[in-house]
Structures are given as C-alpha cells and as structure tokens.
Visitor: 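Structure below; questions to follow.
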Amino acid sequence: MNKTALVLRHVHFEDLGSFAAPLREAGYDIRYCDAGDPDFCAGDPRDADLLIVLGGPIGVYEDAAYPFILAERAFIRSRLEAGRPTLGVCLGAQLIAAALGATVFPSGIKEIGFSALTLTASGEGGPLRRLAGLPVLHWHGDTYTLPEGAEHLASSARIAQQAFSRGRHVLALQFHPEVDADHRFERWLVGHAAELSAAGIDPNSLRDDARRHGPPLRSAAQAMIAEWLEGLETGG
C-alpha cells in the first residue's frame, strides 16, 4: 500500500514541480488540497504520511485579509506537535516557523532571482549539500527568526535564514528548489507580473537565468529531496 503525501497549495502554478517524480518514486500518492477548497486543512493533520506546504504571495501574518491562514497554522502546528513528517517551501517554510513559535516578518527587500546558498555545517552534512554552489530560485519578501530547537541550514547573500530542519522529520526551505525552470516557468512570470513590475525586475532577465540554471537545479533538487525522503524511512 502506497504512502500518502498531502500537499497544501496556495496558487496553482506553485506546485510540486521537480519534487513530484522523486515523491512518486519513493512510493507516495500525491493529493493536492488548494486554498479556497471546502476541505482545505480539514481532517486529522496527523493522517497523511507526509505533509508538504507550498509557496504563495501572501504573508503568514495576513490572517485578517486571508482568514484561512489561521486554520492552516493550527493544522501545521498539530502536525508538528505529533512529530509527523512535514516539508515547507517558501510560504510553507514560514508557516512551519510560525507554528513552531518563531516570528515571520517583512525583510525589507524583495529577494527575487537565482543565486547560490551558503550552507552551514549542518547543511553541508545533510541533503542540502546537493545544492552547494548552484544558483537556486529565491522569490520572497518575508523572512523568519530561527525556531527554538531548529538547526539553521543555509543563508544567502541577502537573507540569513533560508532553510532549517527540526529533527529528521521537518525540513523548511525558504527558497524554491522545486521550480520547473523550463517553459513552465512562464507561469511564474505571468502569475507574479504585478510583483515583478512593482519591484522593478525584468522578466526577461529571470527567464534567461531560468533557462541557464534550470537543468542543473532540477537534477540537484531531485537528488536532495530523494535523500531527505530516504532519511524519513531509515531514521537517518
């Protein structure tokens, strides 16, 4: 019997991307649950074998404007308290941080584009070493304080907190290793057109960088997530 991966998705084009194939190869049946669906964050948060929380262009603290965030944070908090495997990407990483008691706040800059990470010793000793030296996609304006009991894994030249783990079962990535940076990257450019314009970022430059950096990032990201999934099984 296959394992289940429940995926909380906030905008349709920010999906699992390159992570989908390694998840299926590791024996997971994938079920998306979209913000706005009647069953979003319904049911027992402990049920799925893996919870994955994806990105989106809103803030963890914007629950007055987007009330579903309150239920989502509570869902994630219950999941973490039960010690169940959880992966977060961008907004998902920030939601995990908030559920663990950390503060999420505007960084004061828009970090949008491809640049390499600087790994900590803990990052170099785990699955993130697969991304060493490779430009990854950053697309966020918020950041977070490191949750209590978490291990800092990576930073960038502009933002100190880019990834953390908590035990072997929680991984939070503020950047986007999963992005399909091929022809499908156009969905990101169109979907975030207003944000790019407001930030004065040329989509042509991003498109060119995606074309150049996409293939090596895809291979490295798939190896990284496959290794993390294997660690869930082995306890490593």
Side-chain angles (χ1 to χ4, degrees), residues 3-9 14-23 25-28 30 45-46 48-56 60 72-73 75-102 104 117-132 134 136-140 143-156 159-179 217 220-236:
K3 297 164 286 190
T4 56
L6 174 64
V7 184
L8 302 183
R9 180 169 54 182
E14 292 197 31
D15 55 20
L16 284 171
S18 67
F19 283 0
L23 280 160
E25 288 167 7
Y28 286 89
I30 296 168
R46 301 168 296 180
D49 294 290
L50 175 62
L51 175 68
I52 303 173
V53 190
L54 295 175
V60 169
E72 188 172 13
R73 283 206 309 258
F75 188 89
I76 294 168
R77 185 180 304 113
S78 295
R79 172 90 184 177
L80 296 173
E81 288 173 350
R84 300 287 283 147
T86 306
L87 171 67
V89 176
C90 200
L91 174 61
Q94 296 160 3
L95 283 162
I96 290 173
L100 291 171
V104 179
L117 300 167
T118 298
L119 300 181
T120 65
S122 295
E124 290 174 346
L128 261 68
R129 74 183 185 281
R130 307 278 192 164
L131 304 176
L134 291 178
V136 300
L137 179 65
H138 303 272
W139 204 308
H140 61 94
T143 189
Y144 53 84
T145 58
L146 186 66
E148 184 177 352
E151 284 193 89
H152 183 206
L153 301 179
S155 61
S156 71
I159 298 292
Q161 298 294 336
Q162 290 290 354
F164 67 86
S165 60
R166 196 165 189 260
R168 66 175 180 83
H169 62 283
V170 176
L171 180 62
L173 310 170
Q174 183 157 251
F175 56 98
H176 285 280
E178 85 294 355
V179 63
L217 175 59
Q222 290 185 326
M224 182 270 293
I225 200 63
E227 182 176 335
W228 184 72
L229 292 170
E230 184 178 356
L232 294 179
E233 299 300 317
T234 63

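These numbers come from the heavy atoms of this one structure, side chains and all, not from hydrogens, waters or symmetry mates.
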Visitor: State, with a plain yes or no, whether a side-chain heavy atom of Leu8 is found less than 4.5 Å away from one of Leu95.
Guide: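 With C-beta onward as the side chain, the pair stays apart.
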
Visitor: Checking His176 now: which residues fulfil ring pair (Phe, Tyr, Trp, His ring centres under 6.0 Å) with it, not counting sequence neighbours?
Guide: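 Only Trp188 meet the ring pair (Phe, Tyr, Trp, His ring centres under 6.0 Å) criterion with His176.
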
Visitor: Determine the minimum heavy-atom distance between Leu16 and Leu54, stating which atoms define it.
Guide: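 Here Leu16 and Leu54 meet closest at N-CD1, 4.0 Å.
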
Visitor: Rounded at 0.5 Å granularity, tell me how far CD in Gln161 sits from CG in Leu146.
Guide: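 Answer for the CD-CG pair, Gln161 versus Leu146, is 5.0 Å.
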
Visitor: Might you point out which heavy atoms bring Phe175 and Leu117 nearest each other, and give the distance in Å?
Guide: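 Looking at all heavy atoms of both residues, the closest pair is CZ-CD1, 3.6 Å.
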
Visitor: Can you see which heavy atom on Ala20 is nearest to which on Ile30, and at what distance?
Guide: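 What the structure gives for the nearest pair is O-CD1, 3.9 Å.
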
Visitor: List in chain and number order the residues that pass salt bridge (Lys or Arg N to Asp or Glu O under 4.0 Å) with Arg84, two or more places apart in sequence or in another chain; answer none if no residue qualifies.
Guide: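 Result, salt bridge (Lys or Arg N to Asp or Glu O under 4.0 Å) vs Arg84: none returned.
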
Visitor: Locate the shortest heavy-atom distance separating Leu128 from Ala163; write the atom from each residue and the value.
Guide: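 For Leu128 and Ala163, the tightest heavy-atom pair comes out as CD2-CB, 3.8 Å.
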
Visitor: Enumerate donor-acceptor pairs with a distance under 3.5 Å from any side-chain N or O in residues 220-229 to protein atoms, sequence neighbours excluded.
Guide:
unit_1 : atom_1 : unit_2 : atom_2 : d
Gln222 : NE2    : Ser18  : O      : 3.0
Glu227 : OE1    : Arg129 : NH1    : 3.3
Glu227 : OE1    : Arg129 : NH2    : 3.2
Glu227 : OE1    : Arg130 : NE     : 2.9
Glu227 : OE1    : Arg130 : NH2    : 3.1
Glu227 : OE2    : Arg129 : NH1    : 2.7
Glu227 : OE2    : Arg129 : NH2    : 3.4

Visitor: Within this structure, what is the NE2-CG distance for the pair His152 and Leu119, rounded to the nearest 0.5 Å?
Guide: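 With rounding to 0.5 Å, NE2 (His152) is 9.5 Å from CG (Leu119).
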
Visitor: Applying salt bridge (Lys or Arg N to Asp or Glu O under 4.0 Å), name anything that partners Arg166, two or more places apart in sequence or on another chain.
Guide: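 Arg166: no salt bridge (Lys or Arg N to Asp or Glu O under 4.0 Å) contacts found.
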
Visitor: Run the side chain to side chain contact (heavy atoms under 4.5 Å, CB included) test against Pro147 and tell me which residues pass, sequence neighbours left out.
Guide: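 By the side chain to side chain contact (heavy atoms under 4.5 Å, CB included) rule, Pro147 matches Ala97, Leu100, Ala102, Ala150, Phe164.
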
Visitor: Are Phe75 and Leu6 close enough, and set up right, to give a side chain to side chain contact (heavy atoms under 4.5 Å, CB included), and what steps lead you there?
Guide: CA-CA 12 Å; Phe75 188 89; Leu6 174 64; 3.9 Å; yes

Visitor: In sequence, state the C-alpha distance, the side-chain angles, and the governing distance for His169 and Thr86, and then conclude on side chain to side chain contact (heavy atoms under 4.5 Å, CB included).
Guide: CA-CA 6 Å; His169 62 283; Thr86 306; 5.7 Å; no

Visitor: Determine, step by step, whether Leu50 and Lys3 satisfy the side chain to side chain contact (heavy atoms under 4.5 Å, CB included) criterion, reporting the C-alpha distance in whole Å, the side-chain angles of both residues, the deciding distance to 0.1 Å, and the verdict.
Guide: CA-CA 8 Å; Leu50 175 62; Lys3 297 164 286 190; over 6 Å; no

Visitor: Could you list the residues that satisfy side chain to side chain contact (heavy atoms under 4.5 Å, CB included) with Thr118, not counting sequence neighbours?
Guide: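 Partners of Thr118 by the side chain to side chain contact (heavy atoms under 4.5 Å, CB included) criterion, ordered by chain and then number, come out as Ser155.
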
Visitor: Measure the spacing between CD of Glu72 and CG of Leu91 and express it to the nearest 0.5 Å.
Guide: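 Nearest 0.5 Å value for the CD-CG distance: 6.5 Å.
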
Visitor: Over all heavy atoms of both residues, which pair between Leu217 and Pro177 is shortest? Give the atoms and the distance, please.
Guide: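 Here Leu217 and Pro177 meet closest at CG-O, 4.0 Å.
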
Visitor: Keeping the roles fixed (side chain from Glu148, backbone from Gly101), state whether a donor-acceptor pair exists under 3.5 Å.
Guide: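 It does not hold such a pair.
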
Visitor: Suppose we screen for side chain to side chain contact (heavy atoms under 4.5 Å, CB included). Which residues come up paired with Ser156, at least two apart in sequence or across chains?
Guide: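 Partners of Ser156 under the side chain to side chain contact (heavy atoms under 4.5 Å, CB included) test: Glu111, His138, Arg158, Ile159, Gln162.
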
Visitor: Ignoring hydrogens, what is the shortest heavy-atom contact between Val60 and Ala98? Give both atom names and the distance.
Guide: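 That closest heavy-atom pairing would be CG1-CB, 3.6 Å.
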
Visitor: Are Pro45 and Leu51 close enough that some pair of their side-chain heavy atoms sits under 4.5 Å apart?
Guide: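 No; the side chains remain at least 4.5 Å from each other.
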
Visitor: Given side chain to side chain contact (heavy atoms under 4.5 Å, CB included), test Leu171 with Leu173 step by step and report yes or no.
Guide: CA-CA 7 Å; Leu171 180 62; Leu173 310 170; 3.9 Å; yes

Visitor: Is the shortest side-chain heavy-atom distance between Val179 and Trp139 below 4.5 Å?
Guide: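 In short, these two side chains do not touch, never coming nearer than 4.5 Å.
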
Visitor: Taking side chain to side chain contact (heavy atoms under 4.5 Å, CB included) as the test, write out the residues that go with Ala160, two or more places apart.
Guide: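 None.
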
Visitor: Using the side-chain hydrogen bond (donor to acceptor under 3.5 Å, both in side chains) criterion, which residues pair with Ser78? Sequence neighbours excluded.
Guide: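 None.
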
